[in-house]
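One structure is given here, and the rest of the page talks about it.
Every number for a ligand or one of its atoms is a count from 1 in the order of the listing.
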Amino acid sequence: KEPKTIGQRGAFIVIEGLDRAGKTTQVKRLCDKLYSQGHNIKTLRFPDRTSPIGKMIDSYLQSQTEMDDHVIHLLFSANRWEKAKWMEETLKKGCTIVCDRYYHSGMVYSAAKHNPNLSLDWARAPDVGLPKPDAVIFLDLEPEEAEKRGGYGDEKYEKKEMQQRVRELFYTFESDMKVVNAGESLEIVGDHILEKIEETLKDVLEGRSRVGKF
Ligand code: DGP
Ligand code: NA
Ligand code: NA
């Protein structure tokens, strides 16, 4: 298939949401859909647990390692910076990136801990300068609904009170994001995501927008 993105940069799409909102499934669906439309596609997820930093994060999330809130926050940020250059080069080459979580998760999960020494501003600082997504979809799900979906797992943040605070904090960034109700069927959620990014994709592919920085 002739890639649509030849001669143009790719688009940078992020899917955000609470745990159990169906991000991973929707990232896969979106990639398949865009690929079938002729886009070159790369997918990413944060945390990327495969790098040495990612392995430290994984160990923390599984409660095998304890870390100061600031330390784990900086590791999550470093884990995004590890991929920054690759992301810029990939977009420049004309490849569209669909990413499972990014710096909005970074800010809100850490700020949700209510550590008086870790404000939202403090949480934001290490991510400033990262490549900015062209569109951020927020898959919104009531924590009660998330719990019903087979319950939360054993990872660090998968508790109802934490998820409630995370959700409130995500909403403080509502103007940065396009909210999609994740409580609908897979197909409907998928269609809503496509509708919400349609204009962004057009702008990028027709050369009307540049890669920004956070
Ligand atoms: P996931 O692999 O998408 O289930 O993410 C693992 C968990 O880590 C999830 O509860 C969300 C959380 N998380 C993702 N990114 C960050 C981050 O940058 N900072 C913090 N504190 N938590 C994050
Ligand atoms: Na999770
Ligand atoms: Na992730």
Evaluate the side-chain proximity of [Y] to [X]: yes if any heavy-atom separation is below 4.5 Å, no if none is.
X	Y	answer
L44	D100	no
Y171	D140	yes
V98	L34	yes

So is [X] touching ligand 1 or not, going by heavy atoms under 4.0 Å?
X	value
R80	yes
M107	no
E158	no
H73	no

Exercise: do S209 and R9 side chains pair donor with acceptor under 3.5 Å: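 Yes, R9 and S209 have a side-chain donor paired with an acceptor closer than 3.5 Å.
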Side chains of N79 and D48, donor plus acceptor under 3.5 Å: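 Distance-only check fails for N79 and D48.
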Those atoms of ligand 1 less than 4.0 Å from some heavy atom in [X]:
X	result
L61	6 (C), 7 (C), 8 (O)
P47	5 (O), 14 (C)
R45	1 (P), 2 (O), 3 (O)
D19	4 (O), 9 (C), 10 (O)

Ligand 1 versus S77: contacting region, heavy-atom distance under 4.0 Å: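 Neither; nothing of S77 gets under 4.0 Å from ligand 1.
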Proximity to ligand 1 by part of T24, non-hydrogen separation under 4.0 Å: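 Neither; no heavy atom under 4.0 Å.
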Options E16, R49, R101, ranked by nearest heavy atom to atom 6 (C) of ligand 1, top entry: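 Answer by nearest heavy atom: R49.
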Results of salt bridge (Lys or Arg N to Asp or Glu O under 4.0 Å) for E168 - residues two or more places apart only: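 Counting only residues at least two positions away or on another chain, E168 forms no salt bridge (Lys or Arg N to Asp or Glu O under 4.0 Å).
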Of K93, K92, K85, the residue whose pairing with E89 passes salt bridge (Lys or Arg N to Asp or Glu O under 4.0 Å):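 The option that passes is K85.
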Cationic N near anionic O, under 4.0 Å, K202 to E199: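 Salt bridge absent between K202 and E199.
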